[in-house]
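Reading through the structure tokens given below for one structure.
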Amino acid sequence: MSPHVLVLGGTTEARALAGELSVRPGLRVTTSLAGRVTRPGAVAGELRVGGFGGARGLADWLREQRVDAVVDATHPFAETITANAARAATATGLPLVVLRRPGWQPGPGDRWHPVPSLDAAADLLPRLGRRVLLTTGRLGLAAFARLTDLCFVVRSVEPPEPPVPPHTRVLLARGPFTVADETALLRDHRVDVLVTKDSGGAATAAKLTAARDLALPVVVVRRPPLPDGVMAVEDVPTVLRRLDTLVRP
């Protein structure tokens with residue numbers, strides 16, 4: 001039976017990893033997506049969509065599908081999935097490799113305000129500006145719903161669900177965006193503060209450059225910590241080298 005690798009996906013890196021693994025002879029690769037986006041991009045190899053039912057459900061699936069290794073290549077803020085993957089890997093005795101792109105680092109001219117959570121970002125906003133570009137995703141808007149005196153521009157791939165701030169304009173768009181795109185957006189909507197998660201990577205970094213060029217403050221939500229005992233690698237080649245020592249067709 002062919003060795004089987006499960007990739008917990010949803011990121012650019014997960015898609016690239018699945019592409020690399022799918023062309024290896026004698027190796028089966030399955031990518032699992034949470035199903036929060038209705039039109040995910042094409043993924044090489046097998047595709048599974050939907051939750052597992054927590055850590056126990058994931059462990060059962062790993063046994064049923066005879067998985068040999070798990071790669072968690074989810075978003076850096078997918079805290080619950082990462083915790084479930086760690087528990088399921090421990091329960092089944094399978095190796096777990098966590099892939100996390102490096103976080104962003106401030107540079108000269110940046111006016112960053114790091115915070116530990118969306119709630120902390122909401123607490124800080126009234127002291128920084130009244131017109132906010134919110135790029136933290138559609139699932140965390142409830143943290144800002146209490147800010148009735150601020151005006152929000154919310155950008156997400158799919159429409160957000162309530163509760164949302166009362167003065168909100170939603171822009172449905174999928175990146176990557178250029179610095180020119182982001183600069184025009186900030187100017188057109190007269191934005192005076194940007195809120196983002198530290199997702200890292202180049203695909204969504206242009207907004208940070210645009211904010212720096214316009215001397216705007218940026219509230220940056222820090223990443224949640226990894227589960228105890230779990231270490232991350234930063235790129236696809238490192239994952240492939242790690243898998244070479246763990247899984248052999």
Side-chain angles (χ1 to χ4, degrees), residues 1-22 24 26-101 103 117-118 137-140 157-158 161 197-201 223-236 238-249:
M1 183 175 294
S2 299
H4 188 188
V5 175
L6 173 66
V7 178
L8 301 173
T11 60
T12 301
E13 292 82 6
R15 187 171 289 108
L17 177 62
E20 294 281 353
L21 293 174
S22 66
R24 293 190 169 191
L27 184 65
R28 178 186 174 195
V29 56
T30 300
T31 296
S32 176
L33 302 179
R36 291 173 178 168
V37 177
T38 56
R39 292 182 295 175
V43 176
E46 301 176 29
L47 178 63
R48 181 192 182 279
V49 179
F52 291 95
R56 180 175 296 180
L58 175 55
D60 290 342
W61 192 91
L62 296 174
R63 295 185 186 100
E64 292 167 1
Q65 297 297 316
R66 299 182 181 275
V67 172
D68 296 280
V70 180
V71 180
D72 174 9
T74 56
H75 192 275
F77 285 82
E79 188 174 6
T80 299
I81 299 173
T82 295
N84 287 341
R87 288 196 291 267
T90 298
T92 57
L94 293 179
L96 171 68
V97 182
V98 178
L99 171 59
R100 290 289 183 273
R101 68 185 78 137
S117 65
L118 293 176
R138 64 187 177 92
L139 299 178
V157 175
E158 300 198 358
E161 298 179 358
K197 293 178 177 179
D198 180 16
S199 57
R223 297 177 176 188
L226 291 170
D228 290 343
V230 173
M231 302 293 290
V233 299
E234 294 186 343
D235 54 37
V236 170
T238 305
V239 175
L240 293 172
R241 290 194 295 271
R242 185 73 60 83
L243 289 177
D244 284 340
T245 67
L246 299 171
V247 179
R248 295 186 181 277

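Counting begins at 1 with the first residue of the sequence.
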Nearest heavy-atom neighbours spanning [X] and [Y]:
X: Val230; Y: Ala86; value: CG2-CB, 4.0 Å
X: Ser22; Y: Gly45; value: CB-N, 4.1 Å
X: Pro3; Y: Asp68; value: CA-OD2, 3.2 Å
X: Leu58; Y: Ala85; value: CD2-CA, 3.8 Å
X: Ala73; Y: Ala14; value: CB-CB, 3.6 Å
X: Ala232; Y: Leu226; value: CB-CD1, 3.7 Å

| said: Restricting to salt bridge (Lys or Arg N to Asp or Glu O under 4.0 Å), what partner residues turn up for Glu46, sequence neighbours left out? | reply: Arg28
| query | What residues form a salt bridge (Lys or Arg N to Asp or Glu O under 4.0 Å) with Arg56, not counting sequence neighbours? | reply | none
| Arg223 side chain to Asp198 backbone, donor-acceptor under 3.5 Å | yes
| With no hydrogens and no angle check, is any side-chain donor or acceptor of Arg101 less than 3.5 Å from a backbone partner on Ser199? | yes
| request: Apply side chain to side chain contact (heavy atoms under 4.5 Å, CB included) to the pair Val239 and Arg242, showing each step before the final yes or no. | output: CA-CA 5 Å; Val239 175; Arg242 185 73 60 83; 5.6 Å; no
Can you name the side chain to side chain donor-acceptor pair (under 3.5 Å) partners of [X], sequence neighbours left out?
X: Asp228; answer: none
X: Thr82; answer: Asp72, Arg100
X: Asp235; answer: Thr238
X: Arg48; answer: none

| query | Could you state the interatomic distance from CG (Leu47) to OG (Ser32), rounded to the nearest 0.5 Å? | reply | 8.0 Å
| field | Partner residues of His4 under the ring-ring contact (aromatic ring centres under 6.0 Å, His included) criterion, sequence neighbours left out | value | none
How would you list, by chain and number, every residue that makes a side-chain contact (heavy atoms from CB on, under 4.5 Å) with [X], sequence neighbours excluded?
X: Glu20; value: Val236, Leu240
X: Ala89; value: Leu96
X: Ala69; value: Pro95, Leu243, Val247
X: Arg87; value: Ala55, Ala83, Asn84

| field | 4.5 Å side-chain heavy-atom contact, Phe52 and Asp60 | value | no
| query | How about Leu118 and Phe77: do any of their side-chain heavy atoms sit closer than 4.5 Å? | reply | no
| message | Does this structure show an ion pair linking Arg241 with Asp244, if we count only N-O contacts that are shorter than 4.0 Å? | response | no
| Greater than 12 external heavy atoms within 6.0 Å of Arg66's CZ | no
| request: Quickly, which of Leu8, Leu17, Leu6 forms a side-chain contact (heavy atoms from CB on, under 4.5 Å) with Val71? Name it, please. | output: Leu17
| Any ring-ring contact (aromatic ring centres under 6.0 Å, His included) pairs touching residues 78-98, not counting sequence neighbours? | none
